[in-house]
> 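Take a look at the following structure, please.
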Amino acid sequence: MCGIVGYVGDEECANLLVEGLRKLEYRGYDSAGLAVLGEKGLSVVRAKGKLSNLEARLAEAVPRGKTGIGHTRWATHGKPSDENAHPHSYGGVAVVHNGIIENHLELKESLGKAGHKFSSETDTEIFAHLIHDEMQKGLDLPQSVRGALRNVKGTYALAVVSDEHPGMLVVSKNASPLVVGLGEGCNFVASDVPAILAHTRDVIYMEEGDFAVITRKGVEFTDLAGAKLARPSRRIDWTPTMAEKNGHKHFMHKEIHEQARALTDTIRGRASIEEGDVFLDGCHLDTKLVQKLTKIQIVACGTSWHASLTGKLMIETLARIPVEVDLASEFRYREPLIDKNTLCVAVSQSGETADTLGSFREARSRGARGLAICNVVGSAIAREADDVLYTHAGPEIGVASTKAFTTQLAAFFLLAVRLGRLRGTLTPEQGRRHLEAIFEVPMLVERVMKYEDLIRQAAYKFSHARDLLFLGRGPQYPVALEGALKLKEISYIHAEGYAAGEMKHGPIALIDEDMPVMVLAPRDSAEEAGVNYEKILGNIQEVRARGGRVIAIHSEGDTKVPQLAEAAIPLPQTNPLLMPIISVIPTQLFSYHVADHRGTDVDQPRNLAKSVTVE
Ligand code: AGP
C-alpha cells in the first residue's frame with residue numbers, strides 16, 4: 001500500500017525516482033507523483049492512474065534536481081485524482097506519506113481557522129501545512145517535522161523535503177514500513193528494498209518512532225524527541241535480478257516457476273536426515289519451553305491464513321499440540337484466551353500486514369511467546385518476535401502470493417517436525433522419514449510444472465466462467481480456499497473454496513453447467529487411496545449428477561478420477577501433509593492462465609495492495 005522512494009546525492013533524480021516507484025508498483029496504487037529540489041526550487045509533478053501517466057507528464061518537462069521524493073498512492077482518504085496524489089506541498093515544503101492520520105479532521109479544522117486553504121481531500125496534506133507553520137517560527141526542517149508529528153495521531157511513513165534545505169530528506173516511521181539505503185555519495189529511503197536494490201544492498205530498517213535526517217554524506221537517526229539512536233546497517237542477499245521478470249510475461253508466472261528453488265532455499269541447512277531432526281536458526285525453542293506449551297495460536301491474513309490452516313494440521317499431527325488459527329483482523333478484537341503457556345505464531349510474507357502485526361502484539365501483551373514466519377528479513381513482525389523462522393522465497397512482487405504460500409508450508413512442516421521431536425511425539429526414525437519426504441518436494445514441484453500446457457488448456461476452456469467452486473477435503477481443504485482466492489484476485493471471476501463434505505449443506509444448490517467445479521482429489525498417500533480420496537470421489541459424482549462440469553486434480557496413475565472429469569491434471573504423490581505444496585501449483589497456474597487469457601492486470605489486480613499496512 002502506498003510506496004515511498006527518496007534520493008539525495010549527486011545525480012539528477014527524477015528518472016531514478018520513477019524507476020524506484022516502478023519497483024514498488026506491486027504494492028498497489030492509483031496515482032503517483034514526485035517532488036524534486038533543484039536550483040529553481042521545488043517542482044512537483046503528479047498524475048492519477050498508472051506510472052505511465054506520470055511519465056507522460058514528466059516528458060513535457062523533467063524537473064531538474066538532485067534531491068527528491070516520489071510516491072505511489074493507494075487511496076484511503078479522497079478518491080484517486082491528480083489533486084489527491086502525493087507529494088502534497090505547501091510553502092516550499094513537500095511531503096509523501098503512507099498511513100492514516102486519525103485526527104486529520106480536527107487538525108484540518110484548526111488549520112482552516114488559522115487561514116490555511118487545502119487543495120486536496122487527503123489527510124496527508126495537513127503535514128505540509130503543519131511543517132510549514134513550524135518553519136515560520138524559525139525552526140529548521142528536522143525540528144519542524146518533529147513539531148508537526150507531535151500534533152498528529154495515527155500511522156505514518158513520512159518523507160519530507162523543503163526548498164529551504166536543499167540536499168536534505170527528513171523521514172520518520174510509525175507503523176508503516178520504511179527502509180534507508182546507504183549508497184556511495186548518495187543515500188535513499190523507500191517503503192521496500194526492491195525500490196533501491198539497483199543502487200545498494202546496504203540497508204537500515206527503521207524502527208517504530210524512528211526519525212532520520214538523510215543527506216548525501218550520511219544518515220542521522222534520532223527518536224522523535226531528538227535523542228540520538230544507533231541503527232546498524234545490514235547487507236541483504238537479494239540481488240537486483242531477483243526483482244526482475246527474467247523473460248517471464250508477469251512476475252506471478254516467474255514466481256510460480258521459482259518455487260522449487262524457493263523451497264530448496266527454505267529447507268536447506270535446516271534439517272539433518274541422520275538425526276531425524278530440524279535446526280532452526282533464530283528459533284530458540286527447547287524441550288522445557290515446548291513441554292509447557294498448552295496451545296499454539298496462529299494469526300495471519302489472506303494466503304498466509306490458508307497456509308496456517310495447513311500448518312495447524314501439520315503441528316497437531318506431528319507434535320500433538322492443540323493449534324488455533326485466527327484471521328488476524330478478527331483475533332485482535334475478540335478478547336482472546338492467551339497466556340504465557342501459549343506460543344503465538346504470526347505468519348506473513350511481508351512481515352508488515354497491519355492486522356497480523358496488531359494481533360501479534362495483542363497476543364504477546366497477554367504473555368504469549370511470539371514466533372514469526374516471515375519472508376522479509378528485518379520486517380516489523382520479524383523484529384518484534386522472540387523467534388523468527390524466515391522463508392527464503394526471495395522478493396515476491398506479484399500481488400497474488402504463490403511462492404510465499406508454498407515456502408510457508410515448508411516452514412510449518414519443519415517447525416512441526418522440530419516440535420514433535422522436542423515433545424517426543426516423533427521418534428528419530430519418524431523424523432527421518434518426514435525429512436526425507438520434504439527433501440524430495442522441490443523435485444516434485446518441478447515435475448508439476450511439466451503439466452503447464454495441460455493446465456493452460458483447461459484454463460482457456462473455463463476462462464469464461466462467471467463463478468467457480470473449489471472443493472477439497474482434509475489437507476486439500478486449505479488448498480481449495482487458496483485456489484479460489486487466487487482465481488478471484490487476478491481474474492475477477494467469483495470463486496468459492498469449500499470443504500467438500502460441506503457441499504451438501506448449501507453450495508450444491510448452485511451447481512449446474514455454468515458453475516464449473518475444481519476438485520482437489522489426490523490419493524491420500526502412496527500406500528493407500530484413503531478415506532479423503534474415497535469420499536471426494538462421491539462428491540465428484542454428486543456434482544456430475546447435477547450437470548456440473550468437473551476439473552480434477554488427481555494423483556498420477558489414478559484412473560478413476562480422470563474418467564469423471566472434463567479436464568484432469570495429474571500430480572506426483574508425496575506425504576499427505578506435504579501434498580498441499582504440490583497440489584496448489586496447478587491451481588496457481590490455472591488462475592494465472594485464466595487471468596492472462598482474460599487480459600487482466602495479473603501482477604497488479606485492481607483495488608489490491610501487496611502489503612496491507614492499514615487496518
Ligand atoms: C494473496 O494472494 C494476497 N494478495 C493477500 O491475501 C496476502 O496473502 C495477505 O494480504 C497477507 O499478506 P502477508 O502475508 O504479507 O501478511
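Atoms within a ligand are numbered from 1 in the order they appear, just like the ligands themselves. In what follows, every heavy atom counts, from backbone to side chain, and hydrogens, waters and symmetry copies are set aside.
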> Let's go through Tyr205 and Ser379 carefully: what are the C-alpha distance in whole Å and the side-chain angles of both, what is the deciding distance for side chain to side chain contact (heavy atoms under 4.5 Å, CB included) to 0.1 Å, and is it a yes or a no?
CA-CA 7 Å; Tyr205 288 96; Ser379 54; 6.0 Å; no
> Decide whether a cation-pi geometry holds between Arg606 and Tyr492; the criteria are a distance under 6.0 Å from NZ or CZ to the six-membered ring centre and an angle within 45° of the ring axis.
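That pair qualifies as a cation-pi contact.
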> For ligand 1 and Gln349, I'd like to know whether there is a polar contact (N/O to N/O, distance under 3.5 Å).
yes
> Does the residue Val399 have a heavy-atom contact with ligand 1, meaning some pair of atoms that are separated by less than 4.0 Å?
yes
> Number the atoms of ligand 1 from 1 as they appear, then name those within less than 4.0 Å of a heavy atom of Ala400, with their elements.
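By the 4.0 Å cutoff, the relevant atoms are 2 (O).
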> Quick test: of every protein heavy atom, which one is nearest to atom 6 (O) of ligand 1, and how far off is it to 0.1 Å?
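Looking only at protein heavy atoms, the one closest to atom 6 (O) of ligand 1 is Gly302 CA, 3.2 Å.
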> How does Glu352 reach ligand 1, by side chain, by backbone, by both or by neither, if only non-hydrogen atoms under 4.0 Å count?
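It is neither; nothing of Glu352 touches ligand 1.
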> Can you confirm whether the side chains of Asp603 and His250 place a donor and an acceptor under 3.5 Å from each other?
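There is no such pair (donor and acceptor under 3.5 Å, judged by atom type) between the side chains of Asp603 and His250.
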> For atom 12 (O) of ligand 1, grab the closest protein heavy atom and report residue, atom and distance to one decimal in Å.
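It is Thr353 OG1, 3.5 Å.
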> For ligand 1, which atoms, with element, lie under 4.0 Å from some heavy atom of Ser401?
1 (C), 2 (O)
> In the protein, what heavy atom is nearest to atom 11 (C) of ligand 1, and what distance, to one decimal place, separates them?
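Result for atom 11 (C) of ligand 1: Cys301 O, 3.4 Å.
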> Look at atom 2 (O) of ligand 1 and say which protein heavy atom is nearest, naming residue and atom and giving the distance to 0.1 Å.
Glu489 OE1, 2.6 Å
> Can you give each donor-acceptor pair under 3.5 Å made by side-chain atoms of residues 444-451, sequence neighbours left out, with the distance rounded to 0.1 Å?
| residue | atom | partner | partner atom | Å |
| --- | --- | --- | --- | --- |
| Arg447 | NH2 | Glu556 | OE1 | 2.6 |
| Tyr451 | OH | Glu556 | OE2 | 2.7 |

> Give me the residue, atom name and distance of the protein heavy atom closest to atom 15 (O) of ligand 1.
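Closest protein heavy atom to atom 15 (O) of ligand 1: Ser350 OG, 2.7 Å.
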> Using 0.5 Å steps for rounding, measure from the CG atom of Leu327 to the CD1 atom of Ile298.
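Spacing of CG (Leu327) from CD1 (Ile298) equals 12.0 Å.
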> Please confirm whether Lys486 comes within less than 3.5 Å of ligand 1 when only nitrogen or oxygen atoms on both sides are compared.
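Lys486 vs ligand 1: N/O contact under 3.5 Å present.
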> Determine whether the side chains of Gln259 and Thr406 contain a donor N or O and an acceptor N or O closer than 3.5 Å.
yes
> Any idea which atoms of ligand 1 are less than 4.0 Å away from a heavy-atom of Ser304?
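So the atoms of ligand 1 that pass are 8 (O), 13 (P), 14 (O).
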> If you count the atoms of ligand 1 from 1 in the order shown, which ones are under 4.0 Å from a heavy atom of Ser348?
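Those qualifying, in numeric order: 13 (P), 14 (O), 15 (O), 16 (O).
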> Indicate whether the side chain of His253 and that of Glu452 have a donor and an acceptor atom separated by less than 3.5 Å.
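Distance-only check passes for His253 and Glu452.
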> Closer than 4.0 Å to some heavy atom of Thr303 - which atoms of ligand 1 meet that?
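Contacts of ligand 1 toward Thr303, numbered from 1: 1 (C), 2 (O), 6 (O), 8 (O).
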> Does anything in residues 363-406 form a ring-ring contact (aromatic ring centres under 6.0 Å, His included)? List the pairs, not counting sequence neighbours.
none
> Looking at Asp355 and Arg332, is there a salt bridge between them, counting it only when a charged N and a carboxylate O are closer than 4.0 Å?
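Between Asp355 and Arg332 there is a salt bridge, with a charged N closer than 4.0 Å to a carboxylate O.
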> Do me a favour and list the nearest non-hydrogen protein atom to atom 10 (O) of ligand 1 with residue, atom name and distance?
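Protein heavy atom with the smallest distance to atom 10 (O) of ligand 1: Val612 CG2, 4.1 Å.
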> Take Arg456 and Asp596 through the test salt bridge (charged side-chain N to carboxylate O under 4.0 Å, His left out) and record every step on the way to the result.
CA-CA 10 Å; Arg456 187 192 294 113; Asp596 186 37; over 6 Å; no
